[in-house]
2 protein chains.
Amino acid sequence: MDFQVSFNLNEKVFLRDPESSEVGKKLVKSAIDLIYELGFEHFTFKKLAAEVNTTEATVYRYFENKHRLLLYILNWYWNYMEFLLEFRLQNVTDTRVKLQTIIELLTQELPESSGKMDYNKRYLNQIIISESSKVYLVKEVKEINKSEVFKPYKDLCGKIAEVVSEYNPAYQFPRSLSSTLIETSHYQQFFCNYLPRLTDSKGGDQKTFTAGFLSDLLFKTLDHS
Amino acid sequence: MDFQVSFNLNEKVFLRDPESSEVGKKLVKSAIDLIYELGFEHFTFKKLAAEVNTTEATVYRYFENKHRLLLYILNWYWNYMEFLLEFRLQNVTDTRVKLQTIIELLTQELPESSGKMDYNKRYLNQIIISESSKVYLVKEVKEINKSEVFKPYKDLCGKIAEVVSEYNPAYQFPRSLSSTLIETSHYQQFFCNYLPRLTDSKGGDQKTFTAGFLSDLLFKTLDHS
DNA sequence: TCTTTTATTATAGTAATACTATCAATAAAA
DNA sequence: TTTTATTGATAGTATTACTATAATAAAAGA
């Protein structure tokens, strides 16, 4: 089975839809490679243009600046995650299994084959872990938020919160718990890799460790309310 | 009672100790004001120099770059937090009370009067919330970590983890839980302020809300192992 | 006291970044 | 065939992140 997924990304994140042209697609794909390789701070439109054999002016016609481009990538990711969640939770009735699936989804890498999506998933995953908070931890967050570009994140969070409430309707903080699960899955993996003394990882796989920690946290919190 | 606290900050974070001169002290104090006001991305050494009525070259003699300056501020904060923790936990025997004190410390603002410390504490608090993760979420983290500049953070985390283990020796993830408490206290407050749909805050005080959420999470996790 | 050394600014300059503006080439629509 | 719109190439500017060197002041030695 092979299928294509595409999302209606908020038009506020781009000036011209990168999906509408070959250069646009290459731009996003190469951006993922470069941001992974250089880190967001050292990533520039000039370097991206060189990689795609075009000019800076072209890149600026698609995205207002590199922050918006990162936002585009994250919007794509959040949408994809919500899709995967919906898909994987289909016909699952046991709410406990639902929660376990969610934790798996948050900690394991994106599935390799998913139609036309030819982004490097390992890189994308690492970007999500290391760079995603940079789109909202900025002075302009209030202004940016008005254009609804964080809606996919809020929706993903909301969907997880629904399952949490389904599992334990009495629990008071379903949304905060969901955003905590998402964020914690990122930086615990980051810490395992780079600052392991901030974790209890014993040098094994950071994804397995993080899944174990989150699962323990989640069920202990929800099983005793 | 009035007392002075000072820490031996790792010499790797500065080129010349800012505490050793008047300009140095003004530099750090004004940096806190400016980073709060502009956000770390828009904060530059040129603007800082103008604020202190000196030149860029002078600033560069104290700190290698603005990243190191932020690291200096955070090192100061982490050290101060560990000191406060030690201080406030003095003679407390009930480990439950100890944990509650820790959550208070992580969510409430820094105490106003603490000797010579004349940094703007409201600003410093906001910087901790919005900017602190930017010191480690960078490509160079491995290299930076070698100079031990994250030790104060690790020590703080370790100290909290000790109390966690004291409260429940069987719990498997004391360090990860501690770093999660610290990080979650930051971004839940941030979310309450700017992206409230990622939380369950009902518009009340974000600090009280975050404390409530964290306390619920912590004790449910530790009371049932 | 005067001179020499050293330290510390101030001035100036460079390479890179983050954009903008202009203009020509090309392609699609009328 | 002309008009219109879309591209991409070229060039240019303001700001950022530094570096290098000259000027000045403070400290130390003769």
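Heavy atoms only: backbone and side chains are in, while hydrogens, waters and symmetry mates are out. So you know, we letter chains A, B, ... as the sequences are listed, proteins then strands, and number each from 1.
- Computed from coordinates, the B/Leu69 CG to D/dA17 P distance equals 12 Å when rounded to whole Å.
- Remark: the backbone N or O of B/Pro196 is paired with a side-chain donor or acceptor of B/Thr199 at under 3.5 angstrom.
- Between B/Phe43 and B/Phe45, the angle of the ring planes goes over 60°, which puts this pair in the perpendicular group of the 30/60° scheme.
- In this structure, B/His42 places its NE2 atom 18 Å from P of C/dT17, rounding to the nearest Å.
- Across D/dA20, D/dT6, D/dA17, the shortest atom-to-atom separation from the side chain of B/Ala57 is found for D/dA20.
- Scanning residues 44-54 of chain A for heavy-atom distances under 4.0 Å to DNA chain C yields A/Thr44, A/Lys47.
- In terms of modelled atom types and a separation under 3.5 Å, the side chain of A/Arg61 and the main chain of A/Leu15 share no donor-acceptor contact.
- When only modelled atom types and interatomic distance are considered, B/Asp17 and B/Ser20 share no side-chain donor-acceptor pair under 3.5 Å.
- Whole-Å rounding puts the B/Leu15 CG to D/dA17 P distance at 16 Å.
- Atom OH in A/Tyr62 sits roughly 12 Å away from atom P in D/dT6 (whole-Å rounding).
- Between A/Arg16 and the phosphate of D/dT6, there is no side-chain N or O to OP1/OP2 separation shorter than 4.0 Å.
- Between A/Phe150 and A/Tyr136, the ring-plane angle classifies as perpendicular under the 30° and 60° cut-offs.
- Between A/Ser179 and B/Gln188, the side chains place a donor N or O and an acceptor N or O closer than 3.5 Å (distance only, hydrogens not considered).
- For C/dA30, the paired base is D/dT1 (Watson-Crick or G-U wobble, both distances below 3.5 Å).
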- ring-ring contact (aromatic ring centres under 6.0 Å, His included) between B/Phe14 and B/Phe63, intermediate numbers included: CA-CA 5 Å; B/Phe14 54 73; B/Phe63 299 100; 7.1 Å; no
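- Listed nucleotides D/dT10, C/dC19, D/dA17 differ in distance to B/Tyr60; the shortest reach to its side chain belongs to D/dA17.
- In this structure, the nucleotide among C/dA10, D/dA9, D/dC18 sitting nearest to the side chain of B/Asn65 is D/dC18.
- When distances run from any side-chain atom of A/Thr58 to the nucleotides D/dG8, C/dA21, C/dT11, the shortest one goes to D/dG8.
- For the segment residues 22-39 of chain A, the set of residues with a heavy atom within less than 4.0 Å of an atom of DNA chain D comprises A/Val23, in numerical order.
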- Using the salt bridge (Lys or Arg N to Asp or Glu O under 4.0 Å) rule, take A/Lys25 and A/Glu22 through it: C-alpha gap first, then chi angles, then the decisive distance, then the call. CA-CA 5 Å; A/Lys25 284 180 207 161; A/Glu22 278 312 306; 3.6 Å; yes
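- Atom CD in B/Glu56 sits about 14 Å away from atom C1' in D/dA20, given to the nearest Å.
- Rounding to whole angstrom units, CZ of residue B/Phe43 and P of D/dT15 are separated by 18 Å.
- Spacing between atom CD of B/Glu41 and atom P of C/dT17 amounts to 17 Å, rounded to whole angstrom units.
- Tested against A/Lys207 for a side-chain hydrogen bond (donor to acceptor under 3.5 Å, both in side chains), the candidates A/Gln108, A/Gln189, A/Glu104 yield a single pass: A/Gln189.
- Set against C/dA18, C/dT11, D/dT7, the side chain of A/Lys66 has C/dA18 as its closest nucleotide.
- One can place CZ of A/Arg68 at 16 Å from P of C/dA18, the figure rounded to the nearest angstrom.
- Using modelled atom types, one side-chain atom of A/His67 and one backbone atom of A/Val135 make a donor-acceptor pair closer than 3.5 Å.
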